[in-house]
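Read the structure below first, then the notes.
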Protein chains: 2
Amino acid sequence: MINSRLAVAIHILTLIASRKDQVEMTSEFIAGSVNTNPVVIRRIIGMLRKADILKTQAGVAGAVLARNPDQITLLDVYRAVEPRDELFSIHEDPNPNCPVGKRIQGSLDHIFHHAQSMMESELSKKTIKDILTSMFA
Amino acid sequence: MINSRLAVAIHILTLIASRKDQVEMTSEFIAGSVNTNPVVIRRIIGMLRKADILKTQAGVAGAVLARNPDQITLLDVYRAVEPRDELFSIHEDPNPNCPVGKRIQGSLDHIFHHAQSMMESELSKKTIKDILTSMFA
DNA sequence: CAACATGTAACTGAAATGGTTACATCTATT
DNA sequence: AATAGATGTAACCATTTCAGTTACATGTTG
């Protein structure tokens with residue numbers, strides 16, 4: 001099962017996108033909404049910052065989006081918080097002396113890549129803005 | 001990242017489907033092609049048996065498919081070896097007093113379910129026979 | 001009965017994950 | 001400039017998952 005970083009990252013970004021002017025989006029405040037530790041939030045915010053999805057400044061309270069909510073797809077977020085390129089693992093070193101062992105990796109690679117693409121394509125169709133509007137329609 | 005059980009299970013089934021009459025598909029033989037321990041193979045074979053994808057008999061050498069290779073989709077195999085229903089995790093207990101925290105799970109659930117369905121739909125289009133023919137075309 | 005295969009429990013080490021403490025660094029305000 | 005408060009990160013921990021392994025009970029066949 002894929003970890004919960006994607007879910008938390010979307011939560012963070014939706015919160016920031018829904019921000020009323022009064023409130024600063026500190027890691028402490030966000031942690032209160034997600035119900036976890038502020039360091040967990042800062043860790044994920046760090047990944048989102050490296051992916052240029054949001055901006056923070058050391059010492060100054062509050063994170064802000066680096067671009068409009070409709071320009072942040074869930075695939076962007078997924079890629080930001082998921083270090084691995086491949087969704088499916090393939091067993092290493094199958095026996096090259098076996099006709100199946102010799103060819104299986106190529107077949108699996110092809111199929112898995114395709115299945116992953118379909119999933120990612122779906123994520124690419126939804127943005128943080130979509131989440132926000134569906135949430136408060 | 002998803003574990004390698006799906007990859008190994010497909011390897012096992014492809015091997016059995018490619019079986020020449022002489023060779024019995026023992027866990028030892030299959031382990032030689034996959035390049036792992038026979039118990040790892042028997043464990044996965046156990047899951048495939050519970051899903052009625054293949055048949056074995058305690059004490060008698062060799063596993064055989066329970067139906068034709070073109071009637072075994074990769075989604076069948078995925079469901080057999082993947083105990084979790086959900087591909088994506090969602091963080092638990094977001095703050096119900098926060099407008100976003102209160103609604104986020106429903107939104108995530110909906111989107112994640114859709115993305116997973118796209119991936120699974122792709123797996124359902126390929127069968128063990130497809131693997132076999134693409135491998136030895 | 002002997003040889004051999006399956007079925008499973010149990011243990012292990014490695015890796016990922018999420019939570020936590022601690023602390024260095026930076027900024028704004030007084 | 002001093003202080004309060006926020007961010008950035010390292011380090012540690014417990015839990016879980018995974019794959020590999022040993023061990024052994026059970027079943028089958030010659």
Side-chain angles (χ1 to χ4, degrees), chain A residues 1-9 11-12 16 19 23-51 54-64 66 78 81-95, chain B residues 1-9 11-12 16 19 23-51 54-64 66 78 80-94:
Chain A
M1 188 149 73
I2 291 176
N3 59 56
S4 68
R5 283 197 301 266
L6 176 58
V8 173
H11 188 147
I12 292 171
I16 298 176
R19 168 175 179 270
V23 212
E24 289 302 338
M25 285 297 158
T26 66
S27 61
E28 179 107 14
F29 178 88
I30 298 173
S33 174
V34 173
N35 190 23
T36 183
N37 191 291
V39 176
V40 172
I41 300 298
R42 292 205 286 271
R43 213 140 52 186
I44 294 177
I45 281 183
M47 301 185 201
L48 296 171
R49 183 181 53 247
K50 276 172 194 142
L54 54 69
K55 287 179 193 168
T56 59
Q57 206 177 338
V60 44
V64 295
Y78 175 70
V81 299
E82 201 50 59
R84 303 245 146 259
D85 276 357
E86 308 299 332
L87 178 60
F88 298 92
S89 305
I90 298 182
H91 56 294
E92 307 186 326
D93 304 321
N95 190 339
Chain B
M1 190 149 73
I2 292 176
N3 59 57
S4 68
R5 284 197 301 265
L6 176 57
V8 173
H11 188 147
I12 292 170
I16 297 176
R19 169 175 179 269
V23 212
E24 288 302 338
M25 286 297 159
T26 65
S27 61
E28 180 107 14
F29 178 88
I30 298 173
S33 175
V34 173
N35 189 24
T36 184
N37 191 291
V39 176
V40 172
I41 301 298
R42 291 205 286 271
R43 211 140 56 187
I44 294 177
I45 281 184
M47 302 185 200
L48 296 171
R49 183 180 53 247
K50 276 171 193 142
L54 54 69
K55 287 179 193 167
T56 59
Q57 205 177 339
V60 45
V64 295
Y78 176 70
V81 299
E82 202 49 59
R84 303 243 145 261
D85 276 358
E86 308 299 331
L87 178 60
F88 298 92
S89 304
I90 298 182
H91 55 294
E92 307 187 327
D93 304 321

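A, B, ... follow the sequence lines: proteins, then strands. Residue 1 opens every chain.
- Atom CG in B/Asn3 sits about 18 Å away from atom P in D/dT16, given to the nearest Å.
- Contacts between residues 33-44 of chain A and DNA chain D, defined by a heavy-atom separation under 4.0 Å, are made by A/Val39, A/Arg42, A/Arg43.
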Next on the checklist: At under 4.0 Å between heavy atoms, how does the protein contact nucleotides 25-30 of chain D? Give one character per nucleotide, 5' to 3', with B, S or -.
Outcome noted: --BS--
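- Overall bending of the helix from C/dC1-D/dG30 to C/dT30-D/dA1, expressed as the angle between end axes built from five pairs apiece, is 10° (10° steps).
- The interatomic distance linking B/Ile2 (CD1) with C/dA16 (C1') rounds to 15 Å, in whole Å.
- Between B/Tyr78 and A/Phe88, the ring planes are perpendicular. Angles over 60° get that label, and only those under 30° would be called parallel.
- Considering only side-chain N and O atoms, A/Thr26 lies nowhere under 4.0 angstrom from the phosphate OP1 or OP2 of D/dA6.
- Taking atom NZ of A/Lys50 as the reference point, atom C1' of D/dT7 lies 13 Å away to the nearest angstrom.
- B/Arg49 has no side-chain polar atom (N or O) that falls below the 4.0 Å cut-off from OP1 or OP2 of C/dT6.
- Taken from CD1 in A/Ile41 to CE in A/Met25, the straight-line distance is 11.5 Å, to the nearest 0.5 Å.
- Nearest-nucleotide assignment on DNA chain D puts the 5′-proximal partner with A/Ile45, out of A/Met1 and A/Ile45.
- Of the possible donor and acceptor atoms, none in the side chain of B/Arg5 sits under 3.5 Å from a partner among the backbone N and O of B/Ala9.
- A close approach under 4.0 Å does not occur between any side-chain nitrogen or oxygen of B/Ser4 and OP1 or OP2 of D/dC18.
- Look at B/Thr56 and you'll find a side-chain N or O under 4.0 angstrom from OP1 or OP2 of C/dG7.
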